[in-house]
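Take a look at the structure below.
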Protein chains: 2
Amino acid sequence: MSEAAAIEPIGKRERTKVANRQAILAAARRVFAQMGYDAASVRDIIRGTELASGTFYNYFRSKEEVFEAIADDAAHRFKPLLRAARERARSFEDYLRSAFHAYFAFISEENKIDGRPIDERRPHVRSDTPEMMAVYEEVRQGLEDAIARGLAPRIDADYLACACIGIAQEVGAAMLRRAPANVGAAADFAVGLILKGLDGAPRRG
Amino acid sequence: MSEAAAIEPIGKRERTKVANRQAILAAARRVFAQMGYDAASVRDIIRGTELASGTFYNYFRSKEEVFEAIADDAAHRFKPLLRAARERARSFEDYLRSAFHAYFAFISEENKIDGRPIDERRPHVRSDTPEMMAVYEEVRQGLEDAIARGLAPRIDADYLACACIGIAQEVGAAMLRRAPANVGAAADFAVGLILKGLDGAPRRG
DNA sequence: CACAAAAATGACGGATCGTCAATTTTCATG
DNA sequence: CATGAAAATTGACGATCCGTCATTTTTGTG
């Protein structure tokens, strides 16, 4: 066993710290999905772990902070996908399509993990965590960059970023309601609408 | 005082019932705005009225139900504005502009009551109340009607309605962040984007 | 091994929750 | 106007939750 520990040189102190934090977050995901965010209590969450009630407050100040950590984590995992879409894009249209496709695939996968056919447990969250603001900033930067390169007209990048995010959220939610979710079709719709408006959106059939 | 009561022929029983309900809703608005939705308790709400704690549960089952009633009421008041925009519209572009203008003016007016930022006044999970679903249906009908009349291409009306709602929500929120809120500019942006895409959105100046 | 720092524990006072039997208010009827 | 039933209000109650904190246990170091 002497060589195994060398791979992870961190001490047990830090190891259990991240393990406990992850245990709380995992329990919170289960509890929120099962009984709903509002009905869930800090005690419900901590009961889903092996920890004592007081220990919870060593990691989070409240149930809301746990929720924000979950949302922040999702944004943190999504951000590199968005960044990659920007860097690999060979055109503005390509960027838009990749970005929307990535988002729709992401929420499609995230809701699959929740497993439960519970309809309304999706984190349509308006609480602005640092990573969520970073995602917004990434979107805005991507759009402003395209404007600066002359790939898009000089319009209000802030409003445009908000519009893109709003479309992504609402069309994404509608896509999930349709079974099975068609990620490509949803992305085509969003990109077509943004690029050319009504005439750019795919005809239905 | 004999002629004043004749205007409202309903009995006192029903009168106090609606009065108490309104008192609870009014207190809830104040409490949510002042201390935030998450921190607020049923006791906080009922303390804002002249009623006893048990009376609350004669009107609502929980804090969440109070919020849904507030949201439902807002949707109920907004719906006729949307309907009017559709009926008075002389063109599809006119309809869109009136609808967005109405929404932006509505939320601008609604958020004039001061207190905590808007995000903290509502729960993290979105709830679809009957009146909110009715508003969505009104939007979808308006768009589908325009498509049927040949005023808009035959695209997915469901996705389009979701896109419009998403744009309205996010651009509306961004508009409120800018002080003072410019309702007309926000509406112009949304309409331009939807009708003609990026090229249709107003250039920034 | 000893000792200090860090973390976990669970009990505690205070507050909230939803219920419910008792009380008050409303209203129809004689 | 009196009266009794139905409806609504009240506040206390046991159960639970909240956040704290003194105590205990665990971890890292010399």
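Computed from a predicted structure; not experimentally measured.
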Check the distance between [N]'s [atom2] and [X]'s [atom1] and give it to me in whole angstrom.
X: B:Arg15; N: C:dT25; atom1: CZ; atom2: C1'; result: 13 Å
X: B:Glu64; N: C:dG18; atom1: CD; atom2: C1'; result: 13 Å
X: A:Arg47; N: C:dT9; atom1: CZ; atom2: P; result: 15 Å
X: A:Phe56; N: D:dC21; atom1: CZ; atom2: P; result: 18 Å
X: B:Lys17; N: D:dT9; atom1: NZ; atom2: P; result: 6 Å
X: A:Leu51; N: D:dT25; atom1: CG; atom2: P; result: 17 Å
X: B:Arg21; N: D:dA7; atom1: CZ; atom2: P; result: 19 Å
X: A:Glu14; N: D:dT26; atom1: CD; atom2: C1'; result: 15 Å

Please determine whether a side-chain nitrogen or oxygen atom of [X] lies at a distance below 4.0 Å from atom OP1 or OP2 of [N].
X: B:Asn20; N: D:dA8; answer: no
X: B:Arg43; N: C:dG14; answer: no
X: B:Arg13; N: C:dT24; answer: no
X: A:Tyr59; N: C:dA8; answer: yes
X: A:Asn58; N: C:dA8; answer: yes
X: A:Lys12; N: D:dT26; answer: no

Per A:Ser41 side chain, nearest of listed nucleotides D:dC18, D:dT27, D:dT9: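 Nearest nucleotide to the side chain: D:dC18.
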query: With respect to the side chain of B:Ser53, which nucleotide from D:dG19, D:dA12, C:dT16 is positioned closest?
result: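 So the side chain of B:Ser53 is nearest to D:dA12.
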query: Do A:Thr55 and A:Asn58 have side-chain N/O donor and acceptor atoms under 3.5 Å apart?
result: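 Per modelled atom types, A:Thr55 and A:Asn58 side chains form no pair under 3.5 Å.
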- request: Verify whether one side chain among A:Thr129 and A:Glu131 offers a donor that lies under 3.5 Å from an acceptor in the other.
  value: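 No, no side-chain donor-acceptor pair sits under 3.5 Å.
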- prompt: What is the ring orientation for B:Phe106 with B:Phe78, classed by angle as parallel under 30°, tilted 30 to 60°, or perpendicular over 60°?
  reply: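 B:Phe106 vs B:Phe78 ring planes: tilted.
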query: In terms of side-chain geometry, is the basic nitrogen of A:Glu144 or A:Arg86 positioned less than 4.0 Å from the acidic oxygen of its partner?
result: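 A salt bridge is absent here (no side-chain N lies under 4.0 Å from a carboxylate O).
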message: Salt bridge check, A:Asp145 against A:Arg140: does any charged N sit closer than 4.0 Å to a carboxylate O?
response: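 A salt bridge is absent here (no side-chain N lies under 4.0 Å from a carboxylate O).
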query: Quick one: on DNA chain C, does B:Thr16 or B:Tyr57 contact a more 5' nucleotide (nearest heavy atom)?
result: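 Of the two residues, B:Tyr57 wins.
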